[in-house]
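FYI, side chains are in, hydrogens and waters are out, and symmetry mates aren't considered; it's all heavy atoms of this structure. Note that the structure is a prediction, hence the values are computed from the model and not measured.
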Amino acid sequence: MEIRFKLNGKPAQAEVSGDTVLYDLLRELGCYSVKCGCETTNCGLCTVWVNGKSRLSCSILAASIEGQEITTLEGVQKEAEEFGRFLAEEGAEQCGFCSPGFIMNVLAMIRELSNPTLEEMKEYLAGNLCRCTGYMGQMRAIQKYMEMKKEA
């Protein structure tokens, strides 16, 4: 079946079968920031935005995105690079494999929650696994990034 949707702000269309998962479609369309680490909705590596909300692309059938707006890291590259510098400065980015999904979720959280507490941040980001860090550097990076955004 043919589906039409917006991908990173641009019209897109694709031919998909009924069992095609959004993750696979996005990779076929060149969105290589979307990764798969578990195929069980437990790691957060495949996080994208569907109509501005964080979703796990490994759990969404591609056919269901007809008429929806999908955003991947490629669609928020400037913001992602800006936040990525904060991660690097805090030593919170080691292998980088989890970073795209984590960054997508952080940017969604910042849009959705105003002035989240550390506990609210941890709860919001609980589905993003990182096997390299202890998460504290990531939390410091988020807090410093949010502080910079307030001042700007």
Side-chain angles (χ1 to χ4, degrees), residues 5-14 20-62 64-65 68-152:
F5 56 100
K6 270 191 169 178
L7 178 58
N8 296 324
K10 298 176 184 167
Q13 63 184 42
T20 301
V21 177
L22 180 57
Y23 160 79
D24 292 322
L25 174 61
L26 293 172
R27 298 280 297 183
E28 284 176 25
L29 295 174
C31 297
Y32 299 117
S33 69
V34 183
K35 297 184 172 115
C36 189
C38 69
E39 296 180 354
T40 59
T41 69
N42 287 308
C43 72
L45 270 64
C46 66
T47 302
V48 299
W49 298 345
V50 178
N51 299 325
K53 299 285 185 188
S54 282
R55 298 282 309 274
L56 300 173
S57 63
C58 74
S59 68
I60 301 171
L61 290 175
S64 72
I65 65 161
Q68 308 296 311
E69 185 165 347
I70 309 302
T71 306
T72 67
L73 193 70
E74 289 85 354
V76 290
Q77 189 169 354
K78 185 177 180 226
E79 274 182 280
E81 288 173 358
E82 185 178 57
F83 176 63
R85 285 192 292 278
F86 282 81
L87 281 174
E89 287 170 11
E90 291 300 321
E93 182 171 55
Q94 293 179 22
C95 83
F97 193 68
C98 69
S99 296
F102 179 74
I103 291 170
M104 289 300 291
N105 220 12
V106 166
L107 296 178
M109 178 190 69
I110 290 169
R111 285 172 167 77
E112 192 174 321
L113 305 178
S114 59
N115 263 346
T117 65
L118 186 59
E119 286 307 310
E120 289 171 322
M121 284 190 270
K122 287 179 181 179
E123 185 176 327
Y124 196 98
L125 302 169
N128 291 92
L129 297 182
C130 176
R131 289 175 170 81
C132 297
T133 69
Y135 294 105
M136 291 315 299
Q138 292 171 334
M139 294 299 114
R140 285 191 307 271
I142 294 167
Q143 291 170 318
K144 288 179 180 180
Y145 180 70
M146 288 178 11
E147 206 49 49
M148 181 274 303
K149 289 300 232 183
K150 279 185 206 173
E151 294 170 6

* **Closest non-hydrogen atom pair between Asn128 and Tyr135, with its separation** => O-OH, 3.5 Å
* Minimal non-hydrogen separation, Lys150 against Asn115, with atom names -> NZ-OD1, 2.7 Å
* Asked: Within the distance-only criterion (no hydrogens, no angle test), does the side chain of Gln68 pair as donor or acceptor with the backbone N or O of Ile65 below 3.5 angstrom?
  -> no
* Which heavy-atom pair separates Cys31 from Asn8 by the least distance, and what is that distance? -> SG-ND2, 4.1 Å
* **Glu74 and Thr72 side chains, donor-acceptor separation under 3.5 Å** => yes
* Distance in Å, Ile103 CD1 paired with Ile142 CD1, rounded so as to fall on 0.5 Å steps -> 10.0 Å
* Asked: Is the Phe102 ring parallel, tilted or perpendicular to the Phe83 ring (thresholds 30°, 60°)?
  -> tilted
* **Single hit among Gln143, Gln138, Lys144 for side chain to side chain donor-acceptor pair (under 3.5 Å) with Glu90** => Lys144
* **Pairwise distance CG(Leu73) to NZ(Lys35) - rounded to 0.5 angstrom** => 8.5 Å
* **Lys/Arg-Asp/Glu bridge criterion (N-O < 4.0 Å) met for Lys149, Glu82** => yes
* **Atom pair OG1/CE of Thr71 and Met104 - distance to nearest 0.5 Å** => 6.0 Å
* Reported CG-to-CD1 distance for the pair Leu25 and Ile70, which is rounded to 0.5 angstrom -> 9.0 Å
* To do: Looking only at non-hydrogen atoms, find the nearest pair between Leu113 and Tyr124 and report the distance.
  => CD1-CD1, 3.9 Å
* Atom of Thr47, atom of Ser54 and distance for their closest heavy-atom approach -> CG2-OG, 4.0 Å
* Minimum side-chain heavy-atom gap Leu129-Cys38 below 4.5 Å -> no
* **Distance, nearest 0.5 Å, that separates CZ of Arg55 from SG of Cys58** => 10.5 Å
* To do: Report yes or no: do Gln77 and Glu81 form a side-chain donor-acceptor pair below 3.5 Å?
  => yes
* Asked: Taking atom CD of Gln94 as the centre, does the number of heavy atoms from other residues, nucleotides or ligands within less than 6.0 Å exceed 12?
  -> yes
* Asked: Does Ser57 reach the main-chain N or O of Cys46 with its side chain, forming a donor-acceptor pair under 3.5 Å?
  -> yes
* Asked: Any donor and acceptor pair, going by atom type alone, linking the side chain of Arg27 with main-chain N or O of Tyr32 inside 3.5 Å?
  -> yes
* Tyr23 (side chain) donor-acceptor with Leu56 (main chain) under 3.5 angstrom -> no
* Asked: Given side chains that start at C-beta, do those of Val50 and Phe5 come closer than 4.5 Å, heavy atoms only?
  -> no
* Asked: When rounded to the nearest 0.5 angstrom, what is the spacing between CE in Met146 and CE in Met121?
  -> 5.0 Å
* Asked: Taking all non-hydrogen atoms of both residues, which atom of Ser59 and which atom of Thr41 are closest, and how far apart?
  -> CB-CG2, 3.4 Å
